[in-house]
Each structure stands twice: as structure tokens, then as C-alpha cells.
Undergrad: 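One structure coming up, written as C-alpha cells, with questions to follow.
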Number of protein chains: 2
Amino acid sequence: MRVSAKAEYACRAVLELTRYHEKAEVIHIGDIAVRQSIPEKYLVQILLQLQRAGLVKSKRGATGGYALARAPGEISLGDVIRAMDGALIAVESLSDDTNVSDQMSGQHVLKNVWMDVQDRLGEIMDGITFDEISRQAQKSLSMYYI
Amino acid sequence: MRVSAKAEYACRAVLELTRYHEKAEVIHIGDIAVRQSIPEKYLVQILLQLQRAGLVKSKRGATGGYALARAPGEISLGDVIRAMDGALIAVESLSDDTNVSDQMSGQHVLKNVWMDVQDRLGEIMDGITFDEISRQAQKSLSMYYI
DNA sequence: TATCATGTTGACTAAATTAGTAAACTAACG
DNA sequence: CGTTAGTTTACTAATTTAGTCAACATGATA
Ligand code: FES
Ligand code: FES
């Protein structure tokens, strides 16, 4: 079960936006790209996808940029993964249509297993918000200042 | 987070072997391949990998074949996924070496998040054994006999 | 011991997906 | 207007996944 670079980039971008959420300002793609070491041209696609999912909002034109569409405490890891991949778990059998012919094979029962795992993974991932992640980041950073 | 075809094939193969576990017999690759619709030549690799992970054992030569190395109740979904992918969650940052330069970026803190998610996903997946999965399969099949 | 049916191994190829790039377009601000 | 920054779509390159092949090793059996 691998997490794509795209999904991790998306998380890092949201994390960066979280830091700027207090000041109600927008931040440029370029700044996010530099600060989080994400290829800028790739980040363009990612931010648009986040925007379509309603996690991020944009302001166009000069003085434009991006900002979170809602509070970091209301954006979860699960939200971001789903925004990128469509679902938390992508597996062949889950996208297939149900058919009776494979009742005998393991396909049907495994499908139920994956759905179960996906639900429970959702509980985990929806419980992790960027508010918390950001605070953890602050905490681990502060160790270096002691 | 996608589950590879290989991993699902592996689960189906183990499920098939589970059915034959009572009778202490081996079953040929070809039979598993046919019954579970898995490309036989591909299944060869998968079974060897399962074997190296200690989940499956083989008997060579004529009358050879495969069997589970331990009881289905002692083989979990997590075991099989780990046997195929090495870890439950594969993400760039988890395989990278730790370095201090990215403390400021989101990489370090996200790494911890992924490890957390992996642990919790492990608890879920290690709790699902092929014994249970197989019983579920029997149950859903029996509905068709009523 | 010959032979045949099986598992073992590693190298190979093809297909699909992912990651990344480019360029033309649109909107906003000054 | 002109400049800055987001939008959209199409394209390419790199990587990974899926699948194949052929030569080899092993064990039962006649
Ligand atoms: S009947 Fe085939 S997946 Fe449910
Ligand atoms: S310091 Fe870079 S991932 Fe932990």
C-alpha cells in the first residue's frame, strides 16, 4: 500500500498553508514550492485538485495566491488523500463491478475485506487533522531551541 | 494508497490454500491459478515470495505443491501484505534516511504521521486472519443454497 | 536409473501508472 | 494597459507493476 509522491506533496502543501492560516493572507505557489521542495509545475496540478475538493481556495491575478478553505482543525489527512486519490484505498476489486461469477473465487469476499479496512483506516485518517500535525511540527522544532 | 494486484493475488492464493489446510495435502500452482484466475507464471513469483516470508511451504518434485506453513488463524492480512510489499505503507519519506536539513519542511513531521498511521493500520490488518476471511466466504456462499 | 511432473531462479519485456514539464489562457490589480 | 499570478490542457519522461520465458533442481515412481 503505497502513498504516492503526489499525496505526500499535497500534505506538505496543506501543512505549509496551515502555517499561514492565522494571518488571513494568501501565499503564492512558488513560495510553497520552495519552502516544501516541491516541483512548482507539479504543485500547480496538486493545488487545483485540492481546490476542486474544497480544501483550498485561491485568489487570482496580481496579489493572488492560495489559502486554506477552512480551518486546519477541520482538514484531515483522510480529506487530503481522498482529494488526491479519490478514495483511501484503491484496489482492483473495489473498482470492478459486482458480478456473481466470482462468488466462488476469493474476489467477492476480499472485496468486503478491503471495504472494511478502508472504513477503519478512514476512522484513523479522519482523526488526524492538520491542526495537530502542525502543532507537532512546532513541538519538534522547539527542541532545537532549548 | 493503492493495493497492488500482486498483493491481492497473494491474498487470494492464501485464501485458496486455506480451504485445503484441513486435509494435509499440497495443491499445485496450476490449480490455484485456475481456481482464483491468477496468471500462473506470475503466481510462481508470488508463492515463492510468500514462502520466503514463511507463510507458505512447498513440496518439490512430482506430487509436489504448496500448503500453508501455519494455521489460517495464524496468518493475517498484514502478514501477506508485508510479505509482498515489505511494509504496510510505502511512502517516499519513510524510506529516506533521516537528515536534519528538512526539519523546517513538512517532511520530518509527516514521516512521524505515516509511521503512526502504519502502526494503527497494522493493528487492523493483523487482526484479520484468513481463518475469518475463509469463514466469511463460506457464509456468503451458503446464502445461495437456501 | 530414466523420466516426468513439479517447484526454483533470474533475466527479460510489455503495459500501465506516476511524476514532471510546457505553453497558451484568464483574471485581478495598479 | 502591463504585469503578476492562478487555470487548463496536452504532452513527455521516468518509474513501477504486471506478466512472460527458459534453463535448472528436485523428488516420486516405474
Ligand atoms: S460478487 Fe464479485 S466482488 Fe462481490
Ligand atoms: S529529519 Fe527529515 S524526516 Fe525526520
Side-chain angles (χ1 to χ4, degrees), chain A residues 1-13 17 20 25-34 36-69 81 83-87 89-93 95, chain B residues 1-13 17 20 25-34 36-53 55-69 81 84-87 89-93 95:
Chain A
M1 300 192 59
R2 86 176 265 268
V3 177
S4 63
K6 193 178 186 181
E8 174 146 8
Y9 287 159
C11 290
R12 299 230 299 270
L17 289 170
Y20 284 82
E25 290 170 6
V26 295
I27 162 174
H28 312 314
I29 285 189
D31 292 344
I32 302 175
V34 168
Q36 291 288 341
S37 315
I38 302 171
E40 181 170 345
K41 298 300 175 82
Y42 197 23
L43 185 55
V44 164
Q45 294 182 21
I46 293 167
L47 284 171
L48 286 179
Q49 219 166 321
L50 286 172
Q51 184 170 218
R52 291 194 194 103
L55 302 179
V56 145
K57 65 188 173 191
S58 68
K59 187 186 168 197
R60 295 169 69 139
T63 76
Y66 285 92
L68 294 185
I81 303 292
M84 290 297 112
D85 299 349
I89 293 187
V91 60
E92 197 61 33
S93 65
S95 56
Chain B
M1 300 191 59
R2 83 177 268 268
V3 177
S4 63
K6 193 177 185 181
E8 174 147 5
Y9 286 159
C11 291
R12 299 230 299 272
L17 288 171
Y20 283 83
E25 288 170 8
V26 294
I27 161 174
H28 312 314
I29 285 189
D31 291 345
I32 302 175
V34 168
Q36 291 288 342
S37 316
I38 302 170
E40 180 171 344
K41 298 300 175 82
Y42 197 24
L43 183 56
V44 164
Q45 292 183 22
I46 294 168
L47 284 171
L48 285 180
Q49 218 167 319
L50 286 173
Q51 185 171 214
R52 290 193 196 103
L55 303 179
V56 145
K57 66 188 172 190
S58 68
K59 187 185 167 197
R60 296 169 70 141
T63 76
Y66 285 91
L68 295 184
I81 302 293
M84 290 296 112
D85 299 349
I89 294 187
V91 59
E92 198 61 32
S93 65
S95 56

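Lettering of chains follows the sequences in order, A, B, ..., and the numbering in each one begins at 1.
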Undergrad: Describe the nucleic acid contact of B:Gly65 in one word from base, sugar-phosphate, nothing, applying a heavy-atom distance below 4.0 Å.
TA: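 Answer is sugar-phosphate: B:Gly65 comes under 4.0 Å of backbone atoms only.
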Undergrad: Starting at the 5' end of DNA chain C, which residue's closest nucleotide do you reach first, A:Lys59 or A:Lys41?
TA: A:Lys41
Undergrad: Would you say D:dA5 has OP1 or OP2 under 4.0 Å from some side-chain N or O of A:Thr63?
TA: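 No, outside the criterion.
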Undergrad: Please report the distance, rounded to the nearest Å, between CG in A:Asp31 and P in D:dT4.
TA: 15 Å
Undergrad: Across the strands shown, which category fits A:Glu40 at heavy-atom distances under 4.0 angstrom: base, sugar-phosphate, nothing?
TA: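 Answer is nothing: A:Glu40 stays at 4.0 Å or more from every strand.
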Undergrad: Is the phosphate of C:dA19 approached by A:Arg2 (side-chain N or O, under 4.0 Å from OP1 or OP2)?
TA: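 For A:Arg2, the contact criterion (side-chain N or O under 4.0 Å from OP1 or OP2 of C:dA19) is met.
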Undergrad: Over how many whole Å does the gap from A:Ile29 atom CD1 to D:dT7 atom P extend?
TA: 7 Å
Undergrad: Strictly distance-based, threshold 3.5 Å: is any side-chain N or O of A:Gln36 a donor or acceptor partner for the main-chain N or O of A:Ala13?
TA: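 Side chain of A:Gln36 to backbone of A:Ala13, a donor-acceptor pair under 3.5 Å: no, none is there.
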Undergrad: Quick check on DNA chain C: between A:Ala62 and A:Lys6, whose nearest nucleotide comes earlier from the 5' end?
TA: A:Lys6
Undergrad: Rounded to the nearest angstrom, tell me the gap between atom CG in A:Leu48 and atom C1' in C:dT21.
TA: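 Nearest whole value for this atom pair: 15 Å.
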Undergrad: Is B:Gln49 touching bases, backbone alone, or none of the nucleic acid, heavy atoms closer than 4.0 Å?
TA: nothing
Undergrad: On the nucleotide D:dT7, are OP1 or OP2 found under 4.0 Å from the side-chain N or O atoms that A:Gln51 carries?
TA: yes
